[in-house]
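Inspection log for the structure reproduced underneath, given as structure tokens.
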Amino acid sequence: MNDKKIPRVQLPADVRRDTLAVREGLPPSAWGENSEALFLTSSFVQPDAATAAARFANEEEAFIYSRFTNPTVTMFERRLAALEGAEACIATSSGMSAILLLGMGLLKAGDHVICSRSVFGSTIMLFGREFGKFGVETSFVSQTDPDEWRRAVRPSTKLLFAESPTNPLTEVCDIRALSAIAKQAGAWLAVDNCFCSPALQRPMEFGADLVIHSGTKYLDGQGRVIAGALCASAQLVNEKFVPVMRSAGMTLSAFNAWVVLKGLETLSIRMRAQSERALLLATWLEAQPQVERVFYPGLASHPQHELAIKQQSGSGGAVVSFIVKGYSAGGAVLARSNAFHVIDETQVCSITANLGDTKTTITHPGSTSHGRLSEEQRQAAGITQGMIRVAMGLDDIEDIKADLNRGLSTLNA
Ligand SMILES: *Cc1c(COP(=O)(O)O)cnc(C)c1O
């Protein structure tokens with residue numbers, strides 16, 4: 001929406017992020033509703049044929065058809081843009097379709113992409129396999145070594161794609177350093193901000209051009225819907241992405257937009273509360289004799305702890321991974337059975353690969369999210385069979401410690 005006709009919420013120009021999180025959007029309808037309305041309508045009635053023609057030709061801004069314009073979706077887009085400090089945002093049907101829209105909008109055959117090899121598994125498949133079919137080549141490089149990114153730059157490099165922190169190892173990349181490399185290469189930098197959300201990390205403040213979201217995770221925050229979004233300058237959104245959305249239709253439904261819009265209202269307090277609990281959990285895990293290693297950016301033992309604290313508003317986020325003892329003694333088989341034991345002994349945690357929920361979730365990455373990799377690939381990625389990932393929710397931290405201790409205290413390591 002380029003705001004030629006559609007009015008804005010009336011707020012003082014200097015209101016802060018927490019206020020925008022509950023108020024940015026569209027003005028209420030004629031009925032004065034205080035909670036944002038859910039516009040379940042596929043199309044919008046036009047006053048006359050000439051106006052309809054002008055609106056379809058983009059000469060006049062108005063709601064036309066919900067594949068590319070819907071007031072509930074616009075409210076979500078404006079609110080997320082405000083939280084990310086972006087000029088504009090375009091909502092998509094899932095996090096993956098936000099990355100699909102990114103590629104379709106910015107890339108063509110012959111273009112080259114540089115991507116961290118530690119990003120979300122489906123992102124690796126989308127760049128490596130699907131975009132590859134259309135003649136876009138992707139080089140996968142180290143998450144943490146900017147020199148590898150610099151060395152991978154070619155004259156045809158158009159896009160750098162990063163995610164921070166990553167799943168499940170919580171590796172942090174230096175967004176500012178990657179932005180400098182992108183600028184020098186004349187390429188765009190896109191950052192998947194799923195794990196931190198704008199409550200903790202705003203990649204554009206460090207020079208990113210585009211921010212990707214899986215709204216499925218912390219933006220909704222209650223595990224209800226699949227959603228996604230792409231934040232960028234108004235020019236990129238209007239010129240590169242709106243036309244693709246109109247033709248290709250990876251549209252976020254109004255209902256899902258409404259759910260995530262209302263989720264944004266509590267995003268900041270949820271992220272703070274879940275991250276506080278995650279730090280307590282990580283600190284506790286590090287002190288357990290049955291735990292070999294803990295991966296959490298908020299711990300001083302994390303290799304990129306200082307960078308994470310600078311980039312993530314002083315917080316490690318809400319995802320903690322750890323390795324149970326057993327590998328050195330009994331190899332991958334024992335490590336895996338020990339990890340399964342800890343997971344299976346839980347009575348509170350939800351055994352599910354999702355994250356970003358108020359309910360704490362627990363998963364074994366080596367046999368689920370990263371189960372399709374060969375053991376060799378997993379070893380190279382550092383995802384061993386003894387690894388467990390916990391995405392801390394709003395459960396009482398003492399209940400989660402007790403839940404994990406049921407299995408940890410009865411391990412035969
Ligand atoms: C879940 C996830 C995605 C994909 O989002 P969907 O909404 O499931 O399509 C992308 N990136 C990261 C980091 C994720 O965790």
Side-chain angles (χ1 to χ4, degrees), residues 73 76 80 84 89-104 113 115-128 130-131 138 140 143 159 161-173 175 190-201 203 208 210-231 248 250-253 255-257 259-260 263-264 267 271 274 278 295 297 308 311-312 317-321 350 352-357 361-363 365 368-372 381 383 389-393:
V73 176
F76 164 62
L80 182 58
E84 282 289 358
C89 169
I90 183 162
T92 56
S93 56
S94 68
M96 290 323 300
S97 68
I99 306 174
L100 173 65
L101 177 61
L102 172 78
M104 288 184 74
V113 177
C115 181
S116 161
R117 70 172 73 90
S118 308
V119 297
F120 192 63
S122 298
T123 306
I124 294 198
M125 297 306 277
L126 183 59
F127 278 107
E130 310 305 338
F131 289 162
T138 300
F140 293 97
Q143 168 77 3
L159 176 68
F161 189 97
E163 177 187 315
S164 190
T166 57
N167 177 33
L169 289 169
T170 71
E171 290 180 307
V172 175
C173 71
I175 300 172
V191 176
D192 183 333
N193 199 24
C194 174
F195 266 54
C196 276
S197 89
L200 300 182
Q201 172 172 275
L210 304 112
V211 177
I212 294 286
H213 271 289
S214 168
T216 315
K217 313 292 169 53
Y218 293 101
L219 304 189
D220 168 19
Q222 287 142 90
R224 298 168 292 190
V225 298
I226 302 287
L230 201 176
C231 297
M250 57 287 271
T251 311
L252 181 61
S253 77
F255 181 81
N256 289 1
V259 169
V260 183
L264 289 181
L267 174 66
M271 281 312 292
Q274 290 176 223
F295 302 85
Q311 226 166 237
Q312 301 174 192
V319 177
V320 180
S321 293
S350 310
T352 171
N354 193 26
L355 64 107
D357 199 315
T361 60
I362 189 165
T363 185
T368 58
S369 54
H370 297 72
R372 284 178 295 174
I383 295 153
R389 190 200 74 193
V390 174
M392 192 62 218

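Quick caveat: nothing in here was measured; it's all calculated off a predicted structure. Every number for a ligand or one of its atoms is a count from 1 in the order of the listing. Position 1 is the first residue of the sequence, and the numbers go up from there.
With values rounded to the nearest 0.5 angstrom, Thr123 atom OG1 is found 12.0 Å from Glu130 atom CD. With values rounded to the nearest 0.5 angstrom, Phe295 atom CZ is found 8.5 Å from Glu171 atom CD. Taken to the nearest 0.5 Å, the OG atom of Ser97 stands 9.5 Å off from the CG atom of Leu230.
In this structure, Val191 and Cys173 have side chains that are not in contact, with every pair of non-hydrogen atoms separated by 4.5 Å or more.
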Pairs under 3.5 angstrom, nitrogen or oxygen on both sides, ligand 1 versus protein: list them out, please.
residue	atom	partner	partner atom	Å
ligand 1	5 (O)	Ser214	OG	3.0
ligand 1	7 (O)	Gly95	N	2.9
ligand 1	7 (O)	Ser214	OG	2.8
ligand 1	7 (O)	Thr216	OG1	2.6
ligand 1	9 (O)	Gly95	N	3.0
ligand 1	9 (O)	Met96	N	2.9
ligand 1	11 (N)	Asp192	OD2	2.6
ligand 1	15 (O)	Lys217	NZ	2.7

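The one candidate from Leu102, Asn193, Thr92 that meets the side-chain contact (heavy atoms from CB on, under 4.5 Å) condition with Ile212 is Leu102.
When all heavy atoms of Arg389 and Asn354 are compared, the pair lying nearest together is NH2-O, 3.2 Å.
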